[in-house]
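Report on one structure; see the data block that follows.
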Amino acid sequence: MSSPRGQFSSKTGFILAASGSAVGLGNIWGFPTNAAENGGGAFVLIYFVMAFCLAYPALMAELIIGRHTKSNMVSALQKISTGDIAKNVGKLTGFYGVIIATLILSFYSIVAGWMLAFFLEPLSTVTGLAEISIWLTEFSGTRNIIFSAVFMVLTTAVISAGVEQGIEKWSCRLMPSMLLLMACLIVYVMFQDGAIEGLKVYLLPDFRQIGDPQLIASAMGQAFFSLSLGVGTMLIYGSYLSPDENLPAMGAIVTIVDSSIAFLAGLLVLPALFVAQQQGVTIYNEAGNLIAGPDLIFQTLPTLFHSMGAIGIPIALVFFCLMTIAALTSSISMLEVPVSYTIENHGASRHTAAWLIGIVVFVLSGLIALNFDRLFNFVVTLTTEYSQPLLGLMLCIFTTWVWHRDKMLTEIRSGYPQVEQSLFWKIWPGYVRFCCPALILIMFIQGVLN
Ligand code: TRP
C-alpha cells in the first residue's frame, strides 16, 4: 500500500535538514524578541537550560521512536504500544500531532509570507515602484493571502520532490546560505553606533528575573517550538535516518546548532535595535519596555534600514532573504508531517498528497488571514502554548512507560554500540520517564494559570 520510504543520503543531509527544521522564525524572530521582553540575559540563560535539559531529551524520544518504527507519528505510536487501549491512545495522540502540525503551518505561512513581501520591497523601491512598495509593507488581507499562497507553493514544491531530492537537497543549499547572510549582517551591525549597548541588554542577565514563572514558561515554550517538538516533525525526520547513525550524537548536534543560531540571531537583532535608537527610532513602547513582537521586525528594523540611506536597501534585502530561507526550511518539515501520514496510511502518491495538503493549509491560512484579529493569536496559543507541551508530555510517556525498554535500547545501540556504558543511557531513560513529564506538567500548569 505505502510507497517506498525515502532516506537521508548522509549524516550531513540529516543534520542540515533537522537543523533547518529547528532553525526558523522561532530562532531569528521569536528568540530575540522573547529575550527583549523577558529580561535579556536572564531569558537567554534559562532558555539554554530548557533547551538542553528538557527539549533535547524530548527530541531524542522523537528521533528514537521515528527511526525504530520507520513511520509517521500516527502509526509509530501504535507500533510501539501493546494492548488495544495504548494503541488507540497512540493513534489519537498521533492524529492530534498531525492536526497541530497542519495548524502551525497555517499561521507560519502567513508570517513567512510577510517576510517574502518585505524581501521584495527593497527591489520595488529600487525600481521606482513606490505604490507597490507601500502595498507590500502595509498590512492587508489581500497581501497576506497572496504571499502565504506563494510561500505554500514553494513549500509544497520541495515536499513533493521527496526526502532526498526535496528536503535534503534544499536544506543543504539553503542552510549554508542562511548562515552566510547572517554572519555578514552581524559583522555589519556590530560596527554601528549603539550596537554595544544592545549587546549589554542582551547578554547581561538581570538575576532578579530568573525565577519569574512567566519567564520560565516562555523559555520552555520557545525551546519546544524551536526544536520543532511534539507534532512528529522530528519523529518523521528520524524515520528517514540510516540505522548506522549515532542517535544521541545527532540529536545533540541539532540542539547545539539550533541554540547557537538562536543565540547568533540575538547578536543581530538586539544590537540592531539600539543602532536604530541612535538613528532616532523609538525602541521603547509606552509602558517603557523594549518593542518586541511584530513591530520590532516590521516597523523598527525597516525604519532603521530606511535611515541608513543607500546601504539600507541591500541590508534589508539580505535580512528578509535570511528570514524567508529560515522559514522555508522549517515549513517543509511541518508539511512533511501530514504528507507522510497521507502517503503511508492512505496510499496516496507523494505528489498528490503534497499538493492536496498544501491546498488545505492554504485554505486554513486564508481563513486565519481573513479573520486575523480573532483567529491568529488564538491559533498560535492553542498550538504552541497548549498543544506542543502536552504532545511532548505524551511522547515522553509513550517512550518510557508504554514502549519496551529493551527495544528502545536495541534501537539506540544500532549506530552507537557502546550506548550502555554511556552517560546518556545512565541518565536519559529515567529522566524522560519521571523528570520530563513532571517538569513539563508543572510549567504547563503555571503557564496556563498565568
Ligand atoms: N522550529 C521552527 C522555528 O523555530 C518551527 C517549526 C518547524 C516547528 N517545525 C515545527 C514548530 C513543528 C513546531 C512544530 O521556527
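Whatever order the structure lists them in is the order used to number ligands and atoms, beginning at 1. Since the structure is predicted, the reported quantities are computational estimates derived from the model, not experimental observations.
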Output block, N or O contacts of ligand 1, threshold 3.5 Å exclusive:
| residue | atom | partner | partner atom | Å |
| --- | --- | --- | --- | --- |
| ligand 1 | 1 (N) | S21 | O | 3.2 |
| ligand 1 | 1 (N) | A22 | O | 3.0 |
| ligand 1 | 1 (N) | F225 | O | 2.9 |
| ligand 1 | 1 (N) | S226 | O | 3.0 |
| ligand 1 | 1 (N) | S228 | OG | 3.1 |
| ligand 1 | 4 (O) | A22 | O | 2.9 |
| ligand 1 | 4 (O) | G26 | N | 3.4 |
| ligand 1 | 4 (O) | N27 | OD1 | 3.2 |
| ligand 1 | 9 (N) | S228 | OG | 3.2 |
| ligand 1 | 9 (N) | S333 | OG | 3.3 |
| ligand 1 | 15 (O) | L25 | N | 3.1 |
| ligand 1 | 15 (O) | G26 | N | 2.8 |
| ligand 1 | 15 (O) | Y108 | OH | 2.7 |

Face-on cation placement of R433 at W401 ring, 6.0 Å and 45° thresholds: yes
Plane angle bin for W29 and W114 - parallel if under 30°, tilted between 30 and 60°, otherwise perpendicular: tilted
Check ion pair R143-E138 (N to O, under 4.0 angstrom): no
Qualifying residues under salt bridge (charged side-chain N to carboxylate O under 4.0 Å, His left out), relative to E37, sequence neighbours excluded: none
Aromatic ring pairing Y386/F444, orientation class (parallel under 30°, perpendicular over 60°, tilted between): perpendicular
Non-hydrogen side-chain atoms of L185 and L181 separated by less than 4.5 Å: no
